[in-house]
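Heads up, the thing below is written out as structure tokens.
Please read these numbers as outputs of a predicted model, since none were measured by experiment. Order of appearance sets the numbers: ligands from 1, and atoms from 1 within every ligand.
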Amino acid sequence: MKFYITTPIYYVNSEPHIGSAYTTIVADIIARYKRFMGYDVFFLTGTDEHGQKVLQAAQKAGKDPQEFCDELAEKFKQLWKELKITNDYFIRTTDETHMKTVQKFVAKMKENGDVYKGVYKGWYCVPCETFWNDDEVIKDGDERFCPECKRPVKWVEEENYFFRLSKYRDALLKYYEEHPDFVEPDFRRNEMLKILEGGLKDLSITRTSFKWGVPVEDDPDHVIYVWVDALINYVSAIGYGWNDEMFNKWWPADLHLIGKEINRFHSIIWPAMLMSVGLPLPKKVFAHGWLTVNGQKISKSLGNAIDPRFFVNRYGNDVVRYYLIRDIVFGKDGDFSEERLVHRLNSDLANDYGNLLHRITAMINKYLGGKLPKPSKEESIDRWIKERFLETKGNYYSLMDSYRLTEALDKVWEFIADINKYFNDTKPWVLSKEGKIERLNTVLYNSLEAVFKVALMTLPMMPDTSEEVFRRVSFDEKPSQEHLETWGVLKSGSNVTHGDPLFKKIDTKTFKKVVETVSVGENLITIDDFARVDLRTAKVLEAEKVPNSKKLIRLIVDLGTERRQIVAGIAEYYKPEELVGKTIIVVANLKPAKLMGIESQGMLLAAKSNDTLRLLTVDGEITPGAKVS
Ligand code: MSP
């Protein structure tokens with residue numbers, strides 16, 4: 001039984017953050033689960049290093065692109081190591097073997113009559129490395145924006161090679177019909193079906209205006225489009241074109257795990273490319289949702305593109321992994337909130353799980369000299385906890401097998417609640433006092449065996465914690481499904497260690513968020529950076545709600561030398577009449593922008609925390625237009 005799982009390969013234009021770590025952590029959890037279940041697993045991750053986005057980042061850093069990529073690829077590798085990611089290989093698109101495979105793959109598409117030369121005229125979004133038609137981009141006056149990331153797109157007119165993507169529309173539709181589980185979740189599959197039903201256009205697959213890419217074999221003025229180059233990593237890493245035996249062992253991939261915004265590439269373009277060269281399609285593409293941090297989009301400029309190590313160092317690797325799976329429903333969008341993380345740590349991990357083990361091992365040490373007892377005659381409550389275990393195990397397998405990871409953990413925690421109930425209802429401390437030693441032995445054995453089962457089921461999510469539990473209960477085999485199959489795996493008579501609690505609680509009164517500490521402490525700018533922002537005091541003269549908008553208010557402010565119109569998203573927090581007369585702070589040199597068709601000639605400053613927003617004002621009278629510095 002083999003299982004081949006991949007993550008997307010990450011652009012090396014910037015360092016990894018908690019959002020990019022999310023995909024890799026989830027993939028690691030699935031890979032560990034499959035190994036536990038006895039599969040021969042190949043887990044692939046890597047870096048996507050060609051294309052304009054990376055090239056521009058290298059130029060901005062004043063570095064040779066290869067040198068720049070080498071440094072960043074190393075940072076990704078290092079991070080995965082620290083996060084204990086168990087990838088079997090790390091592919092880089094600048095690897096020579098990969099580059100050769102890309103050339104061969106494209107040559108094969110050409111051989112099969114699927115590549116032709118033409119002229120591309122259209123828009124291109126560098127941050128998304130995506131071509132857009134004129135009817136797809138967002139229009140605002142003369143400006144055009146990417147429908148995906150909303151940043152400006154560039155007009156491109158180039159001679160390019162094209163891939164006959166349109167030819168594969170019907171075959172893809174048929175494939176989707178015959179393989180209803182090909183793309184998950186269902187709502188993502190429907191999005192893809194809609195695109196397919198709308199028809200496909202041929203895809204430009206080379207560029208000539210820059211050189212940072214894989215050259216076309218017989219026409220090296222063209223470099224291969226970064227997405228085509230990148231997608232091929234999934235076959236080049238396992239030997240396509242250079243190691244048939246290995247390739248035949250692993251292909252097709254069992255699971256491409258990706259974020260929702262790159263689903264079209266994986267569920268339409270990639271399958272069509274594979275059809276073109278005559279390879280079977282991956283068994284499943286699973287597109288997960290996006291993370292925000294404390295309610296905000298993750299972005300470098302917002303200062304919340306946080307290195308996951310900050311969280312890991314403070315709370316522990318297992319805690320971060322647990323939180324990401326338990327709190328953010330796998331498949332949906334979710335918010336990374338430190339308050340929620342701390343809450344989960346204190347209640348699910350420290351109270352429900354850690355404290356349970358602590359109480360059991362304390363009693364085994366206190367009453368039974370630290371040796372695991374032998375269970376004897378069963379009573380109905382003992383049968384109940386075993387039944388609960390069997391039920392949990394069945395649910396766990398089926399949920400994990402269908403990648404419903406959050407629900408799998410929900411079921412495990414229901415079982416933990418039952419073990420707590422079993423322990424509290426059987427009252428081992430009373431049994432000890434009353435000298436009911438046989439009953440005491442049975443109850444403590446069952447309690448510890450049950451917690452051991454929890455450690456097995458949570459091994460993929462919290463490997464270090466489970467290993468620690470295994471040590472304490474003297475379980476020294478390689479944990480695998482067989483140990484989860486039957487009750488009574490722990491050996492009576494073996495040593496039981498009562499160590500420190502598995503998890504340390506965080507004091508919620510004194511706790512300070514990493515996000516705040518980091519964005520205040522780590523994101524340093526120079527005084528010159530700050531001086532570029534022209535902050536001024538401004539007196540609000542008029543304010544009114546923008547018709548048909550829930551959030552926007554239009555203000556006229558006095559800037560001393562002139563009057564300005566500012567549109568601000570503050571209507572949920574202020575009534576227009578509350579604003580008139582206030583002296584506020586505005587960014588006076590911000591490029592005007594249109595919001596709902598109304599020009600905003602500046603931006604006002606406000607502080608926002610959770611559900612509150614307050615405007616910045618001045619501490620007393622001052623003339624409008626005064627410089628803030
Ligand atoms: N290089 C392409 C993928 C090529 S695969 C053949 C790419 N790279 S990326 O670095 O921009 O993104 C890689 C992955 O990180 C994507 O799956 C993306 O969804 C994920 N994430 C990046 N930011 C994220 C969040 N804020 N939340 C969750 N996942 C996010 O796209």
Do Cys146 and Thr130 come close enough that some side-chain heavy atom pair is under 4.5 Å? no
Side-chain donor-acceptor contact under 3.5 Å, Tyr124 with Glu129: yes
Taking the six-membered ring for Trp, are His266 and Tyr234 parallel (under 30°), tilted (30 to 60°) or perpendicular (over 60°)? tilted
Tabulate distances under 3.5 Å between N/O atoms of ligand 1 and N/O atoms of the protein, writing both atom names on each line.
residue, atom, partner, partner atom, Å
ligand 1, 1 (N), Ile9, O, 2.9
ligand 1, 1 (N), Asp48, OD2, 2.7
ligand 1, 10 (O), Tyr11, N, 3.2
ligand 1, 17 (O), Gly259, N, 2.9
ligand 1, 19 (O), Glu261, OE1, 3.0
ligand 1, 19 (O), Glu261, OE2, 3.1
ligand 1, 19 (O), Trp290, NE1, 3.4
ligand 1, 26 (N), Leu291, O, 3.1
ligand 1, 27 (N), Leu291, N, 2.9
ligand 1, 29 (N), Gly19, O, 3.2

Straight-line distance of Asp401 CG to Met37 CE, nearest 0.5 Å: 5.5 Å
Taking ring pair (Phe, Tyr, Trp, His ring centres under 6.0 Å) as the definition, give me every residue that meets it alongside Trp132, ordered by chain and number, with sequence neighbours left out. none
Does NZ or CZ of Lys63 lie under 6.0 Å from the centre of the six-membered ring of Phe68, at an angle within 45° of the ring axis? no
